[in-house]
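Each remark here refers to the structure printed beneath this line.
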Amino acid sequence: MSRRRHRPDDDDISAFRQALSEAGVRPLHSNRADPGRPRRSDDSARARREAATTAGEDTATGRTSDGRVEAVRPSEYLDFALPDLPYRERQQLKRGQIAWEAGLDLHGYTLEEARAELEAFLADAAAQRARCVLVVHGKAWGGQADYPVIKSHVNAWLREWPNVLAFCSATESDGGTGAVYLMLRRRRDGR
């Protein structure tokens with residue numbers, strides 16, 4: 001099955017635009033939703049709008065949260081994939097057959113430092129259009145916790161990250177259950 005799409009020629013585009021025009025479809029001039037009622041102009045509504053638009057600017061944390069994190073065992077095999085990922089690619093990732101292009105070692109970081117490092121690493125990998133990367137999270141238990149804190153949080157954080165197509169524990173030669181291979185979405189491709 002071919003993945004190439006038919007590119008419409010100029011006549012097709014013109015016919016489509018004319019059909020839209022005849023149907024009464026008008027282009028949008030604003031990307032704001034129209035709730036069907038006038039906007040409130042009182043001070044409290046203005047303050048809420050301003051707070052909502054500036055909320056993301058001063059927030060230190062990025063895309064990952066520290067909500068309730070499911071504890072994982074030190075030797076537990078991590079495995080996650082989006083449902084539309086082809087079986088063959090997932091199996092290649094699990095076997096370590098996809099060469100990883102960059103790596104990050106989170107040993108010695110606090111939880112907040114690990115989150116910041118992981119987010120920066122994933123953003124950089126996306127900018128470099130990396131397909132597969134390695135993250136070493138370790139298996140050490142946290143000071144007060146009776147489970148591997150960084151590993152458990154990495155497991156949760158990677159499931160939230162929009163560019164992660166799949167991840168699984170690495171092969172023994174790359175760290176075993178103390179590391180994960182990540183398959184990342186490339187910006188221009190469909191997955």
Side-chain angles (χ1 to χ4, degrees), residues 47-48 50-85 89-189 191:
R48 282 194 307 275
E50 186 175 321
T53 57
T54 60
E57 296 172 7
D58 59 352
T59 307
T61 60
R63 297 178 186 264
T64 55
S65 68
D66 270 336
R68 185 162 176 349
V69 172
E70 184 180 332
V72 295
R73 294 182 318 277
S75 61
E76 186 171 338
Y77 185 87
L78 301 182
D79 187 17
F80 167 81
L82 294 179
D84 62 341
L85 184 71
E89 288 183 34
R90 186 169 183 188
Q91 292 306 312
Q92 287 175 331
L93 185 69
K94 285 182 174 185
R95 292 182 192 122
Q97 294 174 336
I98 301 174
W100 47 277
E101 302 165 50
L104 172 68
D105 189 349
L106 296 175
H107 282 104
Y109 287 109
T110 66
L111 190 59
E112 266 312 305
E113 291 170 341
R115 179 195 351 223
E117 286 293 320
L118 181 62
E119 287 182 357
F121 176 71
L122 291 175
D124 187 48
Q128 299 296 321
R129 294 184 37 85
R131 182 63 166 171
C132 182
V133 295
L134 177 76
V135 174
V136 180
H137 47 67
K139 300 188 263 188
W141 291 29
Q144 294 91 357
D146 59 349
Y147 62 93
V149 176
I150 300 283
K151 178 177 181 175
S152 298
H153 278 79
V154 165
N155 182 40
W157 293 337
L158 292 178
R159 293 169 192 266
E160 296 174 354
W161 194 263
N163 286 348
V164 173
L165 292 173
F167 66 87
C168 64
S169 291
T171 59
E172 286 302 316
S173 62
D174 284 329
T177 57
V180 289
Y181 297 126
L182 275 77
M183 183 177 289
L184 301 173
R185 174 174 311 194
R186 290 187 176 157
R187 281 194 180 144
R188 283 190 245 163
D189 66 6
R191 283 192 335 288

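Worth knowing before you read on, the calculation uses all heavy atoms, side chains too, and leaves out hydrogens, waters and symmetry mates.
Side-chain atoms of S169 come within 3.5 Å of backbone atoms of L78 as a donor-acceptor pair (strictly under, hydrogens ignored). No donor-acceptor pair closer than 3.5 Å links the side chain of R73 to the backbone N or O of Y147. The backbone N or O of S75 sits nowhere less than 3.5 Å from a side-chain atom of K139 that would complete a donor-acceptor pair. At least one donor-acceptor pair under 3.5 Å links the side chain of E101 to the backbone N or O of R131.
Y109 places none of its side-chain heavy atoms less than 4.5 Å from the side chain of R115. Side-chain contact check for N155 versus H137: every heavy-atom pair is 4.5 Å or farther apart.
How far CG of L93 is from OG1 of T171: 10.5 Å, rounded to the nearest 0.5 Å. Here the straight-line distance linking atom CG of L118 with atom CG of L158 works out to 5.5 Å at 0.5 Å rounding. Atom CG of L82 sits about 10.5 Å away from atom CZ of R159, to the nearest 0.5 Å. The CH2 atom of W100 sits 6.0 Å away from atom CG of D174, with the distance rounded to the nearest 0.5 Å. Distance CG/L122 to CG/L104: 8.0 Å, rounded to 0.5 Å. Remark: I150 CD1 to L111 CG distance equals 5.0 Å, nearest 0.5 Å.
The minimum heavy-atom distance between S152 and V69, with the atom names listed, is O-CG1, 3.3 Å. Nearest approach of T177 to K151, heavy atoms of both residues: O-NZ, 3.0 Å. Contact record, L184 with A130: CB-O, 3.7 Å, taken as the closest heavy-atom pair. E117 and L106 get closest at one heavy-atom pair: CB-CD2, 4.1 Å. Between V72 and P148, the closest heavy-atom pair is O-CD, 3.0 Å.
The side-chain hydrogen bond (donor to acceptor under 3.5 Å, both in side chains) check on D79 picks up R90, K94, with sequence neighbours excluded. Every residue two or more places apart in sequence or in another chain that forms a side chain to side chain contact (heavy atoms under 4.5 Å, CB included) with A102 is listed here: F121, V133. Here E172 pairs with nothing under the side chain to side chain contact (heavy atoms under 4.5 Å, CB included) rule; sequence neighbours left out.
Here the options are Y181, W157, F167, the test is ring pair (Phe, Tyr, Trp, His ring centres under 6.0 Å), and the partner is F80; only F167 passes.
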